[in-house]
Amino acid sequence: MNALSFLLSLAYLGLAFLAPSPVSHLFGLAALGVTAFLRPSLNWRTLNLALLTLAFTVGLMRSGNTLGLIGLVGILVALTTLPRIPTGIRVLLALAILLLSVPLAGFANTFVFELGIQIGIYAAMALGLNVVVGMAGLLDLGYAAFFAVGAYTWAIFGSEQAKNFMQGNFPLPGEYMYLFMGIAIVTTALTGLVIGLPALRLRGDYLAIVTLGLGEVVRILANNLDHPINFTNGPQGITPVQRPPIDWFRQLMATLGVHLDRTTDYQLFFYFLVLLMIGLVVLVNVNLANSRFGRAWVAIREDEVAARSMGIPLLPTKLLAFMTGAAFSGVMGVIFAAQRTFVSPESFTLLASITILGMVILGGMGSIPGAILGAAALTILNLDVLKTFSEFVRTSLPQIPNQVDPAKYERLVFGLILVLMMIFRPEGLIPEKRHRAEMEEA
């Protein structure tokens, strides 16, 4: 088994150098599967993961095909879930993938940067919703509303839109984006408080329906607050939204020997900014999960009556979870607005809320690595796999009608994924330790 897994990894490394292609990437994914599931010894498994990291990186750089990115995500999952791998090796390989492999691939194909940024933004929001749904057990179907509040908080003042209703020198300089990230935490937390006060007195399906309605209220307000006073510019959206100046970042990269051009400078900057925010969000999540608030949320999720009988105040504790999740979403909304330089109500629909909820369910409710994996899987599926498959169908099978375009069946695919998860793995891909223990006892 050790020799087989090593030979497969070595063979894929050779293919990545000599003949990088989608087929060779599929071979690499098969080699990763053998390393993960056929249980080679610890030293051989560690060596294989290092070889595969190098191979997927080389394959991405030489071919630009994003199947290699799926392989790197798979290695990160393996480092998170496989037992007995030394912590130093886990950290070293993870940092190599995030700080070296993805940027190197991004210089060869800038779409890799875009994909990485979107995965990071949705991962942070999934972690926020994981506090609400996974830890506290509160079904929120209007989570994209907080994303919208954060995005519009910066978009209005980081563009000339604010001139329509107040005096001042607008747009504000791009450096203010960092300040508005803090302001967005406050505004979205207060929005969560306002929405949560009436909604969190309900439970179950009633809570889901009310949060769905309130989420749609925020989107409709963004769509209609262009008269009589033009706050949001309505369905036309707001553009251009200021980005922060990054001369210092270009100089830093030049010092490290990396010379950026105008197509990669902001992409790399926002990629690293999103990575930093993910690290902070994970740190806050871990500390919350181990705090008395985290234990109180879990108690409410398991049994509200028992939690109340033990002296846990239900409404304030639920509100804290709701506001915490909202704050995570709001700060990522600011980054989203600056990265895209455009904000419109179409980005904050009910489908966005359901997609983020699907990420949490797919990864495993209450699980921090599960939420990140769910965000990566669904973002890659939506932005890359379905669209690539659609292009293949259109070019290879032109006789097939437009109505069968796979990219048009995004909601159907998401629905099928959720149904299959509920049937075959209801605890999620990377279940929380408590859920895993309950399943093993059952």
Side-chain angles (χ1 to χ4, degrees), residues 114 117-118 120-121 124-125 128 144-195 215-251 260 262-274 276-277 280 323 326-349 352:
E114 180 64 26
I117 292 167
Q118 294 305 311
I121 289 174
M125 289 196 292
F146 306 120
F147 189 40
V149 171
Y152 274 99
T153 298
W154 172 236
I156 289 172
F157 296 98
S159 70
E160 296 188 354
Q161 183 63 29
K163 288 182 178 179
N164 292 307
F165 57 89
M166 64 187 302
Q167 300 285 332
N169 294 321
F170 297 104
L172 294 176
E175 298 95 328
Y176 280 73
M177 187 200 80
Y178 305 112
L179 172 63
F180 271 77
M181 289 169 68
I183 293 174
I185 292 175
V186 177
T187 56
T188 49
L190 290 176
T191 306
L193 177 65
V194 171
I195 291 177
E216 284 297 285
V217 165
V218 171
R219 184 186 65 81
I220 291 169
L221 280 174
N223 203 49
N224 290 281
L225 280 180
D226 55 346
H227 60 277
I229 301 174
N230 188 2
F231 287 101
T232 64
N233 207 32
Q236 297 179 12
I238 299 174
T239 190
V241 180
Q242 291 293 304
R243 289 174 164 180
I246 58 169
D247 291 336
W248 62 270
F249 180 73
R250 294 190 188 98
Q251 292 173 2
L260 303 175
R262 295 295 176 180
T263 62
T264 56
D265 52 1
Y266 271 105
Q267 293 283 62
L268 185 63
F269 168 75
F270 278 110
Y271 171 74
F272 282 138
L273 178 61
V274 166
L276 175 63
M277 293 308 302
L280 293 175
M323 293 167 68
F328 290 159
S329 184
V331 72
M332 299 316 291
V334 173
I335 295 175
F336 175 84
Q339 191 258 335
R340 290 293 183 90
T341 70
F342 173 70
V343 172
S344 72
E346 284 72 26
S347 301
F348 315 108
T349 60

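Predicted, not measured: the structure shown is a model, and the values here were computed from it. Note that these values count all heavy atoms, side chains included, but never hydrogens, waters or copies made by symmetry.
When all heavy atoms are compared, the tightest approach of Ala338 to Trp154 is CB-NE1, 4.0 Å. Taking both residues in full, the closest heavy atoms of Ala184 and Gly150 are given as CB-CA, 4.2 Å, listed atom of the first, atom of the second, then distance. What you find for Thr349 and Arg219 is that their closest heavy atoms are CA-CD, 3.7 Å. Taking each heavy atom of Pro244 and Tyr178 in turn, the nearest pair found is CB-OH, 3.6 Å. Across all non-hydrogen atoms, the minimal contact from Thr187 to Val149 is OG1-CG1, 4.1 Å. Here the closest heavy-atom approach between residue Val274 and residue Ile121 is recorded as CG1-N, 3.8 Å.
In this structure a side-chain-to-backbone donor-acceptor pair under 3.5 Å is missing from Ser344 to Gly237. Put simply, the side chain of Ser329 gets close to the backbone of Phe147: a donor and an acceptor are under 3.5 Å apart. When atom types are taken as modelled, the side chain of Arg243 and the backbone of Gly174 share no donor-acceptor pair closer than 3.5 angstrom. The main-chain N or O of Leu260 is never found under 3.5 Å from a side-chain atom of Thr264 such that the two would form a donor-acceptor pair.
Atoms CD1 and CZ, from Ile335 and Phe180 in turn, are 15.0 Å apart once rounded to the nearest 0.5 Å.
Within 6.0 Å of OH on Tyr176 lie no more than 12 heavy atoms contributed by other residues, nucleotides or ligands. Around CD of Glu346, the count of heavy atoms belonging to other residues, nucleotides or ligands within 6.0 Å exceeds 12.
Residue pairs meeting the salt bridge (Lys or Arg N to Asp or Glu O under 4.0 Å) criterion with at least one member in residues 152-176: none, sequence neighbours excluded.
Between the side chains of Gln161 and Ser159, no donor-acceptor pair of N or O atoms lies under 3.5 Å.
When each of Ile185, Leu193, Thr188, Thr191 is checked for a side-chain contact (heavy atoms from CB on, under 4.5 Å) with Met323, only Leu193 meets the rule.
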